[in-house]
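Worth saying up front: this structure is predicted, and the values here are computed from it rather than measured. Side-chain atoms are counted along with the backbone in the values below, which use heavy atoms only and exclude waters and symmetry mates.
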Amino acid sequence: MNSDEQVWNSIGTSLIAGSIIPLLTLWIDQIRNAEQIRMAELIGSGLHTAFERRNLPEYETLVPKADAIDVAGYTLKSFSEQNDHHLRARADQGKPINVRILLVDPSTEAAAVMEQSEGLEPGTYRSLCDSVVKRLGDIEGVKIRFLGRPLSMMIYRIDKFVYTGPFPASGKSGTAFTLKLEESGWLYERQIKEFDELWGEAKPLEHGAT
């Protein structure tokens with residue numbers, strides 16, 4: 001290779017290197033911009049965290065200090081068993097938690113379908129709903145209503161957080177994924193609105209009913 005060829009090869013290499021660096025910089029900037037846009041979208045939705053399961057340990061730390069709780073489900077067996085003592089303790093202290101419990105009416109077809117999908121005997125949902133009423137129905141601050149149609153998603157609000165996710169086809173809601181939403185995001189606000197609308201159409205628990 002003569003000196004002229006070496007010079008041109010050197011120039012060509014420099015040009016290639018010089019063009020790659022700005023291109024890589026542009027790509028990096030685009031990736032960063034896209035990440036920032038996605039992050040802004042997530043923040044705007046209110047999405048805080050995503051979990052693989054529904055039975056989360058953090059409920060135990062949030063409920064005792066809560067001012068308001070909204071929860072919707074088919075039987076809410078775990079909610080009633082885990083929080084009975086917290087709700088009673090707060091009521092006994094003269095600081096009751098405002099709790100709205102929305103249960104799918106166990107006499108509806110929607111409840112029967114979910115009951116069957118879990119492989120439970122007919123009447124199981126009725127028994128579990130009665131248990132919720134007996135455990136929590138007499139606690140100050142607790143209101144219970146029954147919904148006449150199916151729920152597509154679980155909604156569980158504890159103050160500024162909403163936990164939500166679909167009911168799986170298997171009916172095993174404890175293993176369903178859960179999204180934790182934070183106050184002020186549009187998805188948080190949408191789920192709160194959804195709960196309010198369902199609460200408005202649901203039937204209040206009759207005094208003394210089980």
Side-chain angles (χ1 to χ4, degrees), residues 42-43 45-104 106 125 127-147 151 153-168 171-200 202 204-210:
L42 290 175
I43 292 172
S45 73
L47 180 61
H48 184 282
T49 318
F51 300 95
E52 293 184 2
R53 300 183 62 82
R54 183 147 297 166
N55 47 344
L56 306 176
E58 64 186 72
Y59 299 153
E60 185 69 19
T61 62
L62 293 174
V63 170
K65 300 178 291 185
D67 292 318
I69 293 174
D70 293 330
V71 58
Y74 281 83
T75 65
L76 298 180
K77 179 176 182 289
S78 295
F79 175 83
S80 63
E81 292 177 348
Q82 294 169 7
N83 298 305
D84 178 4
H85 58 294
H86 293 314
L87 302 182
R88 289 190 182 278
R90 283 287 299 274
D92 291 343
Q93 295 165 12
K95 300 177 180 178
I97 302 171
N98 293 316
V99 183
R100 295 189 296 176
I101 295 174
L102 186 61
L103 287 164
V104 174
Y125 271 24
S127 176
L128 292 175
C129 286
D130 287 348
S131 178
V132 171
V133 173
K134 290 177 181 178
R135 279 178 177 272
L136 309 180
D138 65 337
I139 300 176
E140 184 181 359
V142 175
K143 297 177 181 178
I144 301 174
R145 292 188 180 184
F146 287 94
L147 186 66
L151 286 171
M153 299 185 76
M154 178 273 287
I155 301 176
Y156 184 13
R157 177 175 79 97
I158 308 175
D159 289 338
K160 69 174 185 177
F161 295 113
V162 165
Y163 298 85
T164 189
F167 287 101
K172 304 293 184 181
S173 61
T175 60
F177 76 82
T178 301
L179 303 179
K180 181 179 180 180
L181 311 175
E182 193 163 9
E183 194 174 36
S184 77
W186 65 264
L187 189 50
Y188 173 97
E189 297 296 340
R190 182 169 295 179
Q191 292 302 85
I192 292 295
K193 181 180 179 183
E194 175 78 3
F195 186 95
D196 287 341
E197 291 177 351
L198 293 173
W199 183 260
L205 174 69
E206 294 181 6
H207 183 69
T210 59

Backbone N/O of [Y] and side chain of [X]: donor-acceptor pair under 3.5 Å:
X      : Y      : value
Asn98  : Gly141 : no
Thr164 : Met154 : yes
Arg145 : Leu102 : no
Arg90  : Val63  : no
Arg53  : Thr178 : no
Asp67  : Asp159 : no

Problem set entry | Test applied, side chain to side chain donor-acceptor pair (under 3.5 Å); reference residue, Tyr163; option that passes from Glu58, Arg54, Gln191 |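 Of all the options given, the one that passes is Glu58.
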Exercise. Can you check whether Tyr125 reaches Leu103 side chain to side chain, under 4.5 Å on heavy atoms?
Worked result: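 A side-chain contact is absent here, since even the closest heavy-atom pair is not under 4.5 Å.
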Exercise. Does a side-chain heavy-atom distance below 4.5 Å link Val142 with Ile101?
Worked result: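 Sidechains of Ile101 and Val142: in contact.
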How long is the span from the [atom1] atom in [X] to the [atom2] atom in [Y], to the nearest 0.5 Å?
X      : Y      : atom1 : atom2 : result
Phe161 : Ile69  : CZ    : CD1   : 13.5 Å
Glu140 : Leu87  : CD    : CG    : 12.0 Å
Leu181 : Leu187 : CG    : CG    : 4.5 Å
Asp70  : Ile155 : CG    : CD1   : 9.0 Å
Glu60  : Asn55  : CD    : CG    : 12.5 Å

Problem set entry | Lys180 NZ/CZ over Phe51 ring centroid, <6.0 Å and within 45° of normal |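 Here Lys180 fails the 6.0 Å and 45° test against Phe51.
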Contact summary for [X] and [Y], nearest pair of heavy atoms:
X      : Y      : value
Ile97  : Ala68  : CG2-N, 4.1 Å
Ile144 : Gly137 : CD1-CA, 3.9 Å
Cys129 : Thr75  : SG-CA, 4.3 Å
Ala66  : Ile158 : CB-CG2, 3.9 Å
Arg88  : Ile139 : CG-CD1, 3.4 Å
Leu151 : Tyr74  : N-OH, 3.1 Å

For this session: Give a yes or no on whether a salt bridge exists between Asp196 and Arg157, defined as a side-chain N under 4.0 angstrom from a carboxylate O.
Result: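 No, this pair does not count.
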For this session: Quick one: list whatever passes salt bridge (charged side-chain N to carboxylate O under 4.0 Å, His left out) with Arg135, sequence neighbours left out.
Result: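 Arg135: salt bridge (charged side-chain N to carboxylate O under 4.0 Å, His left out) contacts with Asp84.
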Problem set entry | Residues forming a ring pair (Phe, Tyr, Trp, His ring centres under 6.0 Å) with Tyr156, sequence neighbours excluded |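 Expected list: Tyr59, Phe79.
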